[in-house]
There are 2 protein chains.
Amino acid sequence: MTVENKRPLTLRDVSEASGVSEMTVSRVLRNRGDVSEATRARVLAAAKALGYVPNKIAGALASNRVNLIAVIIPSLSNMVFPEVLTGINRVLEDTELQPVVGVTDYLPEKEERVLYEILSWRPSGVIIAGLEHSDAARAMLKAAGIPVVEIMDTDGKPVDAMVGISHRRAGREMARAIVEAGYRRIGFMGTKMPLDHRARKRFEGFTEKLAKHGIEIADRAFYSGGSALAKGREMTAQMLARSPDLDFLYYSNDMIGAGGLLYLLEKGYDIPGRIGLAGFNGVELLQGLPRQLATMDACRLEIGRKAAEIIVARLETPPREVENQVVLTPKISYGDTLKRG
Amino acid sequence: MTVENKRPLTLRDVSEASGVSEMTVSRVLRNRGDVSEATRARVLAAAKALGYVPNKIAGALASNRVNLIAVIIPSLSNMVFPEVLTGINRVLEDTELQPVVGVTDYLPEKEERVLYEILSWRPSGVIIAGLEHSDAARAMLKAAGIPVVEIMDTDGKPVDAMVGISHRRAGREMARAIVEAGYRRIGFMGTKMPLDHRARKRFEGFTEKLAKHGIEIADRAFYSGGSALAKGREMTAQMLARSPDLDFLYYSNDMIGAGGLLYLLEKGYDIPGRIGLAGFNGVELLQGLPRQLATMDACRLEIGRKAAEIIVARLETPPREVENQVVLTPKISYGDTLKRG
DNA sequence: TTGAAAGCGCTAACAC
DNA sequence: GTGTTAGCGCTTTCAA
């Protein structure tokens, strides 16, 4: 174990230590081309002894290949996105490709910045949440000349490929199920969503479908920040104080729905008889509540997986043809809080 | 808007479009050195018109500077780590530095691989969870010649800097509080933890302190996988069936603790009289439960923040001197499930 | 304030 | 099977 490793090691060091040309060392380290078993062994030994770590910066510049996949998502604290990442990882793990994550905090300007930064590393592909981007962002995505998969949402026109569910349809379906079950006085609770387009679309689909049945949302409330469980509890209490005749509460996510559920159970409400509840996302986290909240699976894992598969296929030589508009269809799970129609 | 952008744009393109030398274009784009306002404007205009995105690969190679900070964590599905990331982000956002995340799934071999991959991008610093690493990993960290901050845990010797809490002490403190409150028949539930060193250390500290009071864990159970809330519920039911005389349950994390709490409330147990409960982490998520679970804050945000601050300080020129062994001390929150001694 | 030359560490392409 | 040469797109350095 030598100590003075101030200057990082280079291929040249390995070359000198092993008495093999830099080029051949490079071949060995990348498993490229034919190298005799003997040289191969010598090189590997030298590299390991020195503790050589290749410089991908130089490699990428020379080969014009960067095995990075940019993944751009709005948030990490939402659980939804880590799950999508998990799906992406599952697929990329079997390849040379590595995901690099950028977080936008639901801010278009930040999305633009993050995209710019990450594209300046010349990744081989981009997976980005949502279909709504600034003109500049869209222009960058197009100009990058790499596969781009927009995920989560399919209500709109992608730059290139897309994988997701129709949130508008998800909203409609839930409205249908609720109406069919006989509920009529419906309240809605969700995040303030000027920038969460998917939540907005679900809400739009929901109200639209209700309207077809001649029903209008009877009450609504929006929150931001804080513990979702606590907010759900709090908002539910307030809403029922204000509109005691509601017979259904639709929550824009499962966490606030769970808060509402716990509150109503404590108060002794008859669920789903006197009042029904539903959330959205199908978060596994919540199994274990006293009652199973009605919800709709957002297909997070599957979305990540499919998106990564598209990227991988497109990057093969020659590119493998794949479906590049994948619309998944989430199923309602009625749980114990929504009567069957 | 031109269309055929197959070859990515280079500085040279901007140089030609603006009639300014590549070198000066580079200066403008980096805000380095004196450039006249006139040329500056021309260059910026040309760059924007073309949609030029700099190539950091080339820049990094030439300048030998990579403004990436490697962040290596065991998991993204734990909520704990996204929160640490948030803390890191908060600090790095005000700098040129960008975090790049690698996930190890609690596997030492994977940690080694991820570390190798990420170091081959020559980042300027590393933040890595835990103090336990393979010899090879430790060697790489040392050889990299960059600031390394090991986070979360302080029970051990860091390669370089460390920021965290003593999990052994956390376990001891909780044991003390429980004993002082008068509980005697104590059960433990947690993850299977051969590789989760922090959970293991908490457990060790816990049993050690109990032993000092002449108390031994009366029952224990371990789980892996699945919804933590459901597992907590299930394990609690099983344990109390098996050991009905337990008067306290210590859970290795808040999620399973919450599952247990919900179960016991349903069964009508007197909490914290007949039986007390405590978890670990202080997850904000759970505010909104019918009762507040006793817990201990793991200082996640603060850990991320401090770690990033150390990196930033060390990277200044000249390096700013900073405390590089930061031991935070979490406080017990008694909530509604642990009597005060 | 601007430009020209050299080279960062690696790999593609071609010789041998 | 192995080596040589010429860059990749930038920034450093130094000269003008």
Side-chain angles (χ1 to χ4, degrees), chain A residues 5-44 46-47 50 52-67 96 117 119-124 144-145 317, chain B residues 5-44 46-47 50 52-67 96 117 119-124 144-145 317:
Chain A
N5 272 342
K6 224 48 273 193
R7 172 182 64 78
L9 296 161
T10 67
L11 260 192
R12 165 169 231 119
D13 295 307
V14 182
S15 165
E16 282 169 3
S18 61
V20 175
S21 80
E22 281 188 49
M23 195 54 234
T24 301
V25 171
S26 167
R27 285 192 184 102
V28 171
L29 266 20
R30 285 176 301 144
N31 285 313
R32 278 275 190 307
D34 295 323
V35 181
S36 77
E37 212 21 80
T39 17
R40 189 184 160 64
R42 269 169 55 208
V43 168
L44 253 19
L50 293 172
Y52 172 70
V53 175
N55 185 332
K56 290 215 184 191
I57 305 265
L61 183 61
S63 67
N64 196 24
R65 260 195 301 264
V66 183
N67 54 356
E96 299 274 67
E117 286 295 323
L119 284 180
S120 71
W121 286 102
R122 301 283 188 266
S124 296
T317 41
Chain B
N5 271 342
K6 223 50 270 191
R7 173 180 65 77
L9 296 161
T10 69
L11 260 191
R12 165 170 232 116
D13 296 306
V14 182
S15 164
E16 282 168 3
S18 64
V20 176
S21 80
E22 281 187 49
M23 195 52 240
T24 301
V25 171
S26 167
R27 286 193 183 99
V28 171
L29 264 20
R30 285 176 302 143
N31 284 312
R32 278 275 189 309
D34 295 323
V35 180
S36 75
E37 212 22 79
T39 15
R40 189 184 161 64
R42 268 172 51 210
V43 169
L44 254 18
L50 293 173
Y52 173 70
V53 175
N55 184 332
K56 289 215 185 192
I57 305 264
L61 182 62
S63 67
N64 198 23
R65 262 194 299 266
V66 182
N67 56 355
E96 298 274 69
E117 286 295 323
L119 285 180
S120 71
W121 287 101
R122 300 282 188 269
S124 296
T317 42

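A, B, ... follow the sequence lines: proteins, then strands. Residue 1 opens every chain.
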Check your understanding: Starting at the 5' end of DNA chain C, which residue's closest nucleotide do you reach first, B/Arg122 or B/Asp34?
Key -> B/Asp34
Point to revise | Presence of B/Ser36 side-chain N/O under 4.0 Å of C/dT2 phosphate oxygens OP1/OP2 | key: yes
Review point. With respect to the phosphate group of D/dT12, does any side-chain polar atom (N or O) of B/Arg65 fall under 4.0 Å of OP1 or OP2?
Key: yes
Check your understanding: Are the side chains of B/Thr24 and B/Val35 in touch, meaning some heavy atoms are under 4.5 Å apart?
Key -> yes
Point to revise | Distance, rounded to the nearest Å, where B/Glu37 contributes CD and C/dT2 contributes P | key: 10 Å
Study note, to complete from the structure: Of the candidates C/dT2, C/dG3, D/dC10, the side chain of B/Thr39 sits closest to C/dT2
Point to revise | Protein-nucleotide distance (A/Trp121, atom CH2; D/dG9, atom P), rounded to Å | key: 16 Å
Practice item. Write down the distance between CG (B/Leu11) and P (C/dC8), rounded to a whole number of angstrom. Key: 19 Å
Check your understanding: Side-chain N or O of A/Tyr52 less than 4.0 angstrom from OP1 or OP2 on C/dC10?
Key -> yes
**Study point:** Sub-4.5 Å side-chain heavy-atom contact between A/Pro123 and A/Val66
**Key:** no
Practice item. Would you kindly give the CG-to-C1' distance between A/Asn55 and C/dG7, to the nearest whole Å? Key: 14 Å
Review point. Which heavy atom in B/Asp13 sits nearest to a heavy atom in B/Pro8, and how many Å separate them?
Key: OD2-O, 4.3 Å
Practice item. Check whether any side-chain N or O of B/Arg30 sits under 4.0 Å from OP1 or OP2 of D/dT12, and answer yes or no. Key: yes
Point to revise | Phosphate OP1/OP2 of C/dT11 contacted by A/Ser63 side-chain N/O (<4.0 Å) | key: no
Exercise for review: Please state how far atom CZ in B/Arg32 lies from atom P in C/dT1, giving the value in whole angstrom units.
Suggested key: 16 Å
**Study point:** Check: D/dG3 base within 3.5 Å donor-acceptor of A/Arg27 side chain
**Key:** yes
Check your understanding: Does A/Thr24 put a side-chain nitrogen or oxygen below 4.0 Å from OP1 or OP2 of D/dT2?
Key -> no
Check your understanding: Any luck finding a side-chain donor-acceptor pair between B/Arg30 and B/Ser26 under 3.5 Å?
Key -> yes
Review point. When the distance from CG of B/Asn67 to P of D/dT11 is rounded to whole Å, what number comes out?
Key: 12 Å
Study note, to complete from the structure: Whichever of A/Met23 and A/Leu61 has the more 5' nearest nucleotide on DNA chain D, that residue is A/Met23
Practice item. Could you state the atom-to-atom distance from CD of A/Glu22 to P of D/dG7 in whole Å? Key: 17 Å
Point to revise | Closest non-hydrogen atom pair between B/Ala58 and A/Leu61, with its separation | key: CB-CD1, 3.8 Å
Check your understanding: Which residue lies toward the 5' end of DNA chain C, A/Thr10 or B/Val20, if each is placed at its nearest nucleotide?
Key -> B/Val20
**Study point:** Atom pair distance, as rounded to whole Å: CZ in A/Arg12 and P in C/dG7
**Key:** 12 Å
